[in-house]
S.K.: 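Let me give you the structure first, and then I'll get to my questions.
Within every chain, numbering begins at 1; the chains are lettered A, B, ... in the order of the sequence lines, protein sequences first and strands thereafter. Keep in mind it's a predicted model, so treat the numbers as computed, not measured.
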There are 2 protein chains.
Amino acid sequence: METTIETPARDADRTRAAILHAAQQVFAAKGFAEAGVRDITALAGVNPSLVSRYFGGKLKLFEAALDAALNTRLMTDLPKDQFGKMIVARFADEDDRVSPLPMMFSAAADSEARAIAQRLLRERVFEPLKDWFGGGDADVKAARFMMVSLGFFAYRDQLPLAEFAGRVEPRLRQWLEREFQAIVDE
Amino acid sequence: METTIETPARDADRTRAAILHAAQQVFAAKGFAEAGVRDITALAGVNPSLVSRYFGGKLKLFEAALDAALNTRLMTDLPKDQFGKMIVARFADEDDRVSPLPMMFSAAADSEARAIAQRLLRERVFEPLKDWFGGGDADVKAARFMMVSLGFFAYRDQLPLAEFAGRVEPRLRQWLEREFQAIVDE
DNA sequence: TCCTTATGTAAACACTCGTTTACTTACGTC
DNA sequence: GACGTAAGTAAACGAGTGTTTACATAAGGA
């Protein structure tokens, strides 16, 4: 006989986690509007009604998924002298995990989801970044960071043009690295 | 008596134009998804069914509205030595007219509307800009322009943070001007 | 003047989607 | 081992939306 790990057929915590995990995948892939509750629950292998029971609705589920995605990593742990290279590497290469910024983007079209994305963006990205930059121009630096980041993701994911769809052109990557580094250095 | 201009109660061209005009307003204000056909036709003062009759559906109407918005002005007519200042002025100050880029943004969440926005963005903005920049790095320059522009609108309109909502902070504006000018100069 | 056609309207249709309700079933406890 | 509660499912509900259909009416020529 094998070492039987306790895996009961019915486990609220487990299914709740499964829904949350599936939600991150589907929201990131299809965006808030086009990601249906039925899509998410089908991926999780459960009934659509459980979204309302465990999370209180699609909107709350989105908030939880976005919150969870934001917990995976922070950018204020990067070395300041290598900020440019490392942030671009993170943005461009780590496409395996669920990245929060593209998720926030997709929410922008929905007024309710946008409000949630705004709040989380401010509390969990903008403000920490501002404190990390420091100095009198910290707010402008944080704003510059947001603009370049959002511009990158908008260009790559939301409205990809034929030339650079999917990959990141080397010269464009170099420019991005200089751009992000300049925010820290100036 | 007054100079009676011919204003027949029923004029197909006139109502068609009224729908198109209203569509530009509503699409720009609420985005593709949240702008309902009933919203648009109510503003135009006509029946919702006329959208399908005159344009072939909401999606085609969106395409026509975006196309019309793109016809209002081009950016390749700006003097190259003043490109930075003037493009920022156009983006930041001319909020009275319907600007196409924010409209394109809102379409990104809908897969069908996104395809239209992508094509128009490439044909009417990206390619002309590439030719205008010229040189071996023209494609990279055009991409940089797109990233900064989309980043600006994303930050200002789609996910506005409390600090700079609505207005454009002077130091941020200065940075944007330098950024756009650098694309032309480098 | 009458009649055809284009123009516009009202209402219903068809479909999607998030959510709720009623019911079934497995788990833990006495 | 029976029972009560939690976990899960199936199906229907209700609201919203783009579109189509059936009908009304103004315009303009024969």
S.K.: Does B:Arg10 get its side chain close enough to the base of D:dT25, under 3.5 Å, for a donor-acceptor pair?
M.R.: yes

S.K.: Among C:dC17, C:dA22, C:dA10, which is the nearest nucleotide to the side chain of A:Arg53?
M.R.: C:dA22

S.K.: Please pick, from C:dG18, D:dT19, C:dG8, the nucleotide with the shortest atom-to-atom distance to any side-chain atom of B:Ser52.
M.R.: D:dT19

S.K.: Of the nucleotides C:dT19, C:dT7, D:dT19, which has the atom closest to the A:Lys58 side chain?
M.R.: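 The listed nucleotide nearest to A:Lys58's side chain is C:dT19.
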
S.K.: On the nucleotide C:dA10, are OP1 or OP2 found under 4.0 Å from the side-chain N or O atoms that B:Ser49 carries?
M.R.: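 So the side-chain polar atoms of B:Ser49 never come under 4.0 Å of the phosphate oxygens OP1 or OP2 of C:dA10.
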
S.K.: Any N or O donor-acceptor pair under 3.5 Å from the base of D:dA7 to the side chain of A:Asp11?
M.R.: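 Checked by distance alone, the answer is no.
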
S.K.: Are the side chains of A:Leu20 and A:Tyr54 in contact, using a 4.5 Å heavy-atom criterion?
M.R.: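 Contact flag for A:Tyr54/A:Leu20 side chains = no.
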
S.K.: I'd like to know if B:Glu186 pairs up with B:Lys141 as an ion pair, taking the criterion as any Lys NZ or Arg NE/NH1/NH2 lying under 4.0 Å from an Asp or Glu carboxylate oxygen.
M.R.: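 No, no charged N to carboxylate O under 4.0 Å.
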
S.K.: Using the six-membered ring wherever Trp is involved, compare the ring planes of A:Phe91 and A:Phe145 and label them parallel, tilted or perpendicular (cut-offs 30° and 60°).
M.R.: tilted

S.K.: Between C:dG8, C:dT19, D:dA10, spot the one nearest the side chain of A:Val37, thanks.
M.R.: C:dT19

S.K.: Measure from CG on A:Asn47 to C1' on D:dA6 and round the result to the nearest Å.
M.R.: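 Rounded to whole Å, this separation is 16 Å.
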
S.K.: Counting only side-chain N and O atoms of B:Thr15, is one of them less than 4.0 Å from OP1 or OP2 of C:dG8?
M.R.: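 For C:dG8, OP1/OP2 do have a side-chain N/O of B:Thr15 under 4.0 Å.
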
S.K.: Which listed nucleotide (C:dC17, C:dT21, D:dG8) is nearest to the side chain of A:Arg38?
M.R.: C:dC17

S.K.: For B:Glu112 and D:dT19, what is the distance between atoms CD and C1' respectively, to the nearest whole Å?
M.R.: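 After rounding, the gap between these two atoms is 14 Å.
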
S.K.: Taking 4.0 angstrom as the limit, do A:Glu127 and A:Lys130 come out as a salt bridge?
M.R.: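 A salt bridge links A:Glu127 with A:Lys130.
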
S.K.: Give the rounded distance in Å between these two atoms: CZ of B:Phe32 and P of D:dT17.
M.R.: 13 Å

